[in-house]
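One structure below.
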Amino acid sequence: MIQVPQYTRDLLPADFSNDPSAFVHAFQRVETVARASFHRYGFQEIRTPIFERTELFARGVGLETDIVSKEMFTWLDRGGDDHEGESLTLRPENTAPVVRAYIQHQMWTKSDLVKLFYIGPQFRRERGQRGRFRQFFQVGAEVLGSNDHPAIDAEAIEMLMGLLAELGIGDTELRINSVGDEECRPRFVEMIRRELADKIHLMSEATRQRYETNPLRILDSKAEEDQPFIENLPSTIELLNTECRDHFEAVCRYLESRGIRFRIEPRLVRGLDYYTKTVFEVVSFSDAIGAQNALLGGGRYDKLAETLGGPPTKGFGFALGLDRIVMALPETTAGPGRPDLFIVHLGAAAFEKGLLLAREARTAGIACAIDFEKRSPKSALRLANKLKARFALILGENELESGQWTLRSMADSSQETIPASDWLASILAAIGSVRNAE
RNA sequence: GCGGGUGUAGCUCAGUCGGUUAGAGCGCUUGGUUGUGGCCCAAGAGGUCGUGGGUUCGAGCCCCAUCACUCGCCCCA
């Protein structure tokens, strides 16, 4: 048997799965709610290719990041035409592609504030565990333009918290920090190197490695043996320059004025190199979530566009892990697919008639089911019942001869006779009244 | 890349000290009298016990290997 590739999965209709966190309808629901929310906040949808030139992520996300250094699905395209074979990569995240599109289409010429959102699969070649897959789905958004007003950050976070509330997701915590800009970074690095110089040999191997390559990342080390040292480090917030500090404090003030609760997490450093100033994440404490409990994360990236060859552009963005959001949903939403009408056909002539009636019903907007087996009335009604059909239209020889058809209500077993000449109107009326009552 | 756990029917699982024909519930099909669902009752279909080797008179059960899945580390959403 050929199965899905390792650490990927099928999202299925509820009928075919007993895992609510893989119900395709739950994903659809989150997407629908998110789209409506994006619309209210003035975001427009963008769809970028599922693969990009490898260089985009190498430059945008950063060569030293785990994502780029060991988690990308990358291949060399075969040459041909006038192209040499070029290195392509399944997108591991969607911010760099959106910024690429912003630059490529010179969006700044149309508007000085561009707000875009995306929904789609992302790919990382990771090990896989609860809430982590090699193909996973993100809903994300980017605000691009000349302005880095802290209210932009706060407004996006406000939208996210509203979205979680709308979805009924509670038991979460918003964590926020500032990683400063190119002026603050060297101070962080210098401070970390200075403070840890005589202790680094006692710390974890990963941390010793980062001491050389990326000292900032030491801050969010989870290694047990590192904790005492990290906790004693001075707060990086103290080292922010005036501009970054004012910005951070303003973001916090804007959140407070909206009644949004958050925790300042001085050790929150995100694993993508492009972040500047604000970084944040929301974690879930739900039992349904595994150890990977970050539902969403994001931040400001005021240098990314330039890194990718565009004009100086301020940026703020975030991504929600759809797979994890769905795990955190309070209840499993039953999907649609309940037929209004099931056609019971008895005999070959009735079957032929039924096929045409199904077409007419569907054209009239009725969810109509008909099956292709010869069935006894008992078996056909069993099936209608299993499908939770609201009504069964019974077509047998009697009905065909008399032109008086039988419409059975599955809810209360009552039956009425409807004239063939006016059957659609009769059924529409019946369905309408039942739907109102439901 | 590194650890732990689990593999028996479509699904969830039981299977005693290693013993003869491997079970249950759910689901599926059919039937319980003429053309009428749900509840109930009955019958039926469905298994190379993940795979390969080994130990043994005898392996679903013990041992080894392997594969798959799963949870965690790392990292991230």
Side-chain angles (χ1 to χ4, degrees), chain A residues 1-9 15-19 30 61 64-71 92-95 120-140 160 204-207 209-210 214 217 220-224 268-272 279-284 289-299 317-328 342 344-347 350 373 375-400 406-415:
Chain A
M1 179 176 48
I2 300 174
Q3 293 179 289
V4 291
Q6 254 192 336
Y7 310 124
T8 67
R9 59 179 182 164
D15 295 359
F16 306 107
S17 168
N18 49 23
D19 176 8
V30 176
V61 180
E64 281 108 81
T65 60
D66 283 30
I67 290 175
V68 172
S69 65
K70 52 189 193 197
E71 293 177 358
E93 58 98 57
N94 222 147
T95 295
Q122 316 292 335
F123 306 85
R124 292 181 198 170
R125 199 182 176 289
E126 296 187 279
R127 188 61 154 66
Q129 70 191 68
R130 185 159 184 78
R132 196 174 66 182
F133 309 92
R134 287 189 170 182
Q135 171 173 301
F136 58 103
F137 292 84
Q138 285 189 333
V139 176
L160 285 168
S204 69
E205 190 189 327
T207 292
Q209 176 85 34
R210 286 177 187 151
N214 197 350
R217 297 294 310 287
D220 68 351
S221 164
K222 273 113 192 163
E224 197 71 36
L268 178 61
V269 179
R270 321 231 74 241
L272 294 80
V279 292
F280 71 101
E281 67 181 14
V282 170
V283 296
S284 165
I289 297 279
Q292 304 303 318
N293 67 348
L295 294 182
L296 61 93
F318 58 80
L320 295 85
L322 242 184
D323 306 80
R324 292 180 190 172
I325 295 282
V326 167
M327 283 196 296
F342 182 92
V344 175
H345 50 84
L346 307 171
E373 300 294 325
R375 289 182 190 273
S376 66
K378 177 201 274 264
S379 168
L381 281 167
R382 272 186 182 167
L383 181 56
N385 186 61
K386 195 177 74 176
L387 297 174
K388 296 186 168 65
R390 292 183 173 85
F391 291 92
L393 176 64
I394 298 170
L395 283 181
E397 285 172 16
N398 300 345
E399 282 81 1
L400 291 186
T406 305
L407 184 65
R408 180 183 181 86
S409 161
M410 296 301 287
D412 61 14
S413 300
S414 65
Q415 294 191 169

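Only heavy atoms go into these numbers, but all of them, side chains included; no hydrogens, no water, no symmetry mates. These numbers come from a predicted model, not from an experiment. Lettering follows sequence order; numbering is per chain, from 1.
Distance Phe16(A) CZ to rC11(B) C1': 14 Å, rounded to the nearest Å. Summarising the geometry, the separation between CG on Asn18(A) and P on rC11(B) is reported as 9 Å, rounded to the nearest angstrom. Asn293(A) has its CG atom 12 Å from the P atom of rC74(B), to the nearest Å. Per the geometry, CD belonging to Glu71(A) stands 13 Å off C1' belonging to rC73(B), to the nearest Å. Atom CD in Glu93(A) sits roughly 18 Å away from atom P in rC75(B) (whole-Å rounding). Regarding Arg130(A), its CZ atom lies at a distance of 14 Å from the C1' atom of rC69(B), rounded to whole Å. One interatomic measurement links the two molecules: CZ of Arg375(A) to P of rG31(B), which rounds to 11 Å at whole-angstrom precision. In this structure, Lys386(A) atom NZ and rC28(B) atom C1' are separated by 8 Å, rounded to whole Å.
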Polar atom pairs between nucleotides 38-41 of chain B and protein, under 3.5 Å, N or O only, would you list them?
residue	atom	partner	partner atom	Å
rG38(B)	O4'	Asn385(A)	ND2	3.0
rG38(B)	O6	Ser413(A)	OG	2.4

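Rounded to a whole angstrom, the distance from the P atom of rG53(B) to that of rA59(B) is 13 Å. rG44(B) and rG7(B): their C1' atoms are spaced 29 Å apart (whole Å). Here the separation of rC74(B) from rC39(B), taken at their P atoms, is 49 Å to the nearest Å. Taking atom P on both rU20(B) and rC73(B), the two are 44 Å apart, rounded to the nearest angstrom. As rounded to the nearest Å, rG19(B) and rU56(B) have C1' atoms that lie 12 Å from one another.
Proximity of a side-chain donor or acceptor of Arg134(A) to a complementary backbone N or O of Glu126(A) within less than 3.5 Å is detected. In this structure, the side chain of Asp323(A) does not engage the main chain of Arg132(A) through any donor-acceptor pair within 3.5 Å. Checking side-chain atoms of Arg324(A) against main-chain N and O of Gly131(A) turns up a donor-acceptor pair under 3.5 Å.
In this structure, CD in Glu64(A) is found 12.0 Å from CZ in Arg210(A), a value given to the nearest 0.5 Å. Taking OG1 of Thr8(A) as the reference point, atom CD of Gln3(A) lies at 10.0 Å (rounded to 0.5 Å). Atom CZ of Phe123(A) sits about 14.5 Å away from atom CD1 of Ile67(A), to the nearest 0.5 Å. The structure places CZ of Arg217(A) at 6.0 Å from CG of Asp66(A), a figure rounded to the nearest 0.5 Å.
At the phosphate of rC71(B), neither OP1 nor OP2 sits under 4.0 Å from any side-chain N or O atom of Gln129(A). Look at Arg210(A) and you'll find a side-chain N or O under 4.0 angstrom from OP1 or OP2 of rC75(B).
Listed nucleotides rC71(B), rU36(B), rA68(B) differ in distance to Gln3(A); the shortest reach to its side chain belongs to rA68(B). Here rG35(B) is the nucleotide among rA77(B), rG35(B), rC73(B) with the atom lying nearest to any side-chain atom of Asn398(A). Looking at the side chain of Asp66(A), the nearest of the listed nucleotides rC71(B), rC75(B), rC69(B) is rC75(B). Side-chain proximity of Gln292(A) to the nucleotides rA68(B), rC73(B), rA77(B) is greatest for rC73(B). Candidate nucleotides rA77(B), rU36(B), rC74(B) were compared by shortest atom distance to the side chain of Pro377(A), and rU36(B) ranks first. Checking rA77(B), rG31(B), rC74(B) against every side-chain atom of Ser376(A), the shortest atom distance belongs to rG31(B). For Arg127(A), the listed nucleotide lying nearest its side chain is rU70(B); candidates were rU70(B), rA77(B), rG35(B). For Leu296(A), whose side chain is taken as the heavy atoms from C-beta onward, the closest listed nucleotide among rC75(B), rA77(B), rC69(B) is rA77(B). When the nucleotides rC73(B), rU36(B), rC69(B) are ranked by their closest atom to the side chain of Leu381(A), rU36(B) comes out on top.
Ala291(A) comes within 4.0 angstrom of the backbone, heavy atoms only, and of no base. Looking at heavy-atom distances under 4.0 Å, Arg217(A) makes contact with sugar-phosphate atoms alone, never a base. Glu373(A) comes within contact range of no nucleotide atom at all, as no heavy-atom separation falls under 4.0 Å. Residue Gly131(A) is in base contact, counting any heavy-atom pair closer than 4.0 Å across all strands shown. Across all strands shown, Gln122(A) has no heavy atoms under 4.0 Å from either base or sugar-phosphate atoms. Nucleic acid contact class of Leu295(A) (heavy atoms, under 4.0 Å, all strands): sugar-phosphate only. The residue Glu397(A) sits close to a base: some heavy atom pair falls under 4.0 Å. Residue Thr65(A) is out of contact with every strand shown, counting any heavy-atom pair closer than 4.0 Å. When heavy atoms are screened at a 4.0 angstrom cut-off, Arg134(A) is found touching no nucleic acid atom at all. Using a 4.0 Å heavy-atom criterion, one finds that Phe133(A) contacts the bases of the nucleic acid, with or without backbone contacts as well. Ser69(A) comes within contact range of no nucleotide atom at all, as no heavy-atom separation falls under 4.0 Å.
In this view, Glu399(A) and Thr406(A) satisfy the side chain to side chain donor-acceptor pair (under 3.5 Å) rule, not counting sequence neighbours. Applying the side chain to side chain donor-acceptor pair (under 3.5 Å) rule to Gln138(A) yields no partners; only residues at least two apart in sequence or on another chain are considered. Every residue meeting the side chain to side chain donor-acceptor pair (under 3.5 Å) condition with Arg270(A), not counting sequence neighbours, appears here in chain and number order: Glu281(A).
Of all heavy-atom pairs spanning Leu395(A) and Ala350(A), the tightest one is O-CB, 3.3 Å. Between Glu93(A) and Arg124(A), the shortest heavy-atom distance links the atoms CB-NH2, 3.9 Å.
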Item to complete: Under the side-chain hydrogen bond (donor to acceptor under 3.5 Å, both in side chains) rule, what do Ser376(A) and Ser379(A) come out as? Steps first, then yes or no, please.
Response: CA-CA 5 Å; Ser376(A) 66; Ser379(A) 168; 4.6 Å; no
Discussion item. Could you walk me through whether Phe280(A) and Leu296(A) satisfy the side chain to side chain contact (heavy atoms under 4.5 Å, CB included) test, starting with their C-alpha distance in whole Å, then the side-chain angles of each, then the deciding distance to 0.1 Å, before giving a yes or no?
Written reply: CA-CA 9 Å; Phe280(A) 71 101; Leu296(A) 61 93; 3.6 Å; yes
Worksheet, complete the sentence: Given Watson-Crick and G-U pairs under 3.5 Å, RNA chain B in dot-bracket ([ ] crossing, | other strand) is (((((((..((((.....[...)))).(((((.......))))).....(((((..]....))))))))))))....
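Between the side chain of Arg132(A) and the base of rC74(B), a donor-acceptor pair under 3.5 Å is found.
No donor-acceptor contact under 3.5 angstrom links the side chains of Ser17(A) and Asp19(A), judged on distance only.
Residues from residues 319-328 of chain A lying near RNA chain B, meaning a heavy-atom separation below 4.0 Å, are Ala319(A), Gly321(A), Arg324(A) in numerical order.
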